Amino acid sequence: RTAVAGLSLVALGAGALLVSGSFERSPAIRLVGHDEPVNLSARNANDTSAHNSPTLVRDPVHPQNLAVSSRIDTPVFSCALHVSHDDGATWSQTAIPAPRGGASKCFAPDVAYSADGTLYVSFVTLAGRGNVPHDVWLSTSKDGGRTLSQPTHVHGPLAFQVRLAA
């Protein structure tokens, strides 16, 4: 009796799989271009730094301006901001200024453009040997990310990763 019930469940599952697959269509995907690394270290096989958790944003005022923030996972964690002013054909890195005083190890950056084209970059600083999330900082750019303001303290201590929304 249990064998019949088990076989019935297997047959029912196989039937459901066949029915669901018969209605599935191949997704219509239009490739825009080819994959291109944003950070130069991605082209170097000997570079062990890993750019993780990227956020890509487009300037609503100057749509050719793009910005990507990423977390760099190495033994000395850090952040990166890369900007493009030609729709991603070329990229350059913008230094994220360290806060004055206190913990200065940048971690978990995020970016957003506001409606007026101001670029906002937030990040958390890590403190101590245990890399404890410490404070949240915010920098701005009025020139498409070529330069950033000195960061402003937003929250902390013991502030963790934050996300920006425009």
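Source: prediction; values computed, not measured. Residue numbers start at 1 and run along the sequence shown.
- Using modelled atom types, one side-chain atom of H85 and one backbone atom of G144 make a donor-acceptor pair closer than 3.5 Å.
- Scanning all heavy atoms of the two residues, the minimum distance from N131 to K105 falls at OD1-NZ, 2.7 Å.
- Between the D59 side chain and the P63 main chain, no donor and acceptor come within less than 3.5 Å of each other.
- In terms of modelled atom types and a separation under 3.5 Å, the side chain of S141 and the main chain of L119 share no donor-acceptor contact.
- Every residue meeting the side chain to side chain donor-acceptor pair (under 3.5 Å) condition with D87, not counting sequence neighbours, appears here in chain and number order: R58.
- Closest of all the heavy-atom pairs between L164 and A112 is CB-CB, 3.8 Å.
- Scanning all heavy atoms of the two residues, the minimum distance from V111 to S69 falls at CG1-CB, 3.6 Å.
- Residues S139 and P97 share a closest heavy-atom pair of OG-CG, 4.1 Å.
- Note: W137 and F123 have parallel aromatic rings, judged against thresholds of 30 and 60 degrees for the angle between ring planes.
- Contacts classified as disulfide bond (SG atoms under 2.5 Å apart) and involving residues 93-166 (residues at least two apart or in different chains) are given here: C79-C106.
- Scanning for side chain to side chain donor-acceptor pair (under 3.5 Å) contacts around H153 gives D135, with sequence neighbours left out.
- The shortest non-hydrogen separation linking A80 to I72 is CB-CD1, 3.7 Å.
- Under a 3.5 Å cut-off, the side chain of S84 and the backbone N or O of T90 do form a donor-acceptor pair.
- For the pair L148/T140, no side-chain contact is recorded, criterion being any heavy-atom separation below 4.5 Å from C-beta on.
- In this structure, the side chains of L66 and W91 come closer than 4.5 Å at one or more pairs of heavy atoms.
- Grouping the Ile, Leu, Val, Met, Phe, Trp and Tyr side chains by contacts below 4.5 angstrom, directly or via other members, places L81 with V57.
- Pairing each heavy atom of S122 with each of V162, the nearest pair is OG-CG2, 3.6 Å.
- Other residues sharing the hydrophobic cluster of V132, ordered by chain and number and joined by side-chain separations under 4.5 Å: L158.
- With sequence neighbours left out, S70 forms a side chain to side chain donor-acceptor pair (under 3.5 Å) with H51.
- Among residues at least two apart or in separate chains, side-chain hydrogen bond (donor to acceptor under 3.5 Å, both in side chains) pairs with a member in residues 106-116 are T55-D110, D110-R163, S114-D116, D116-T118.
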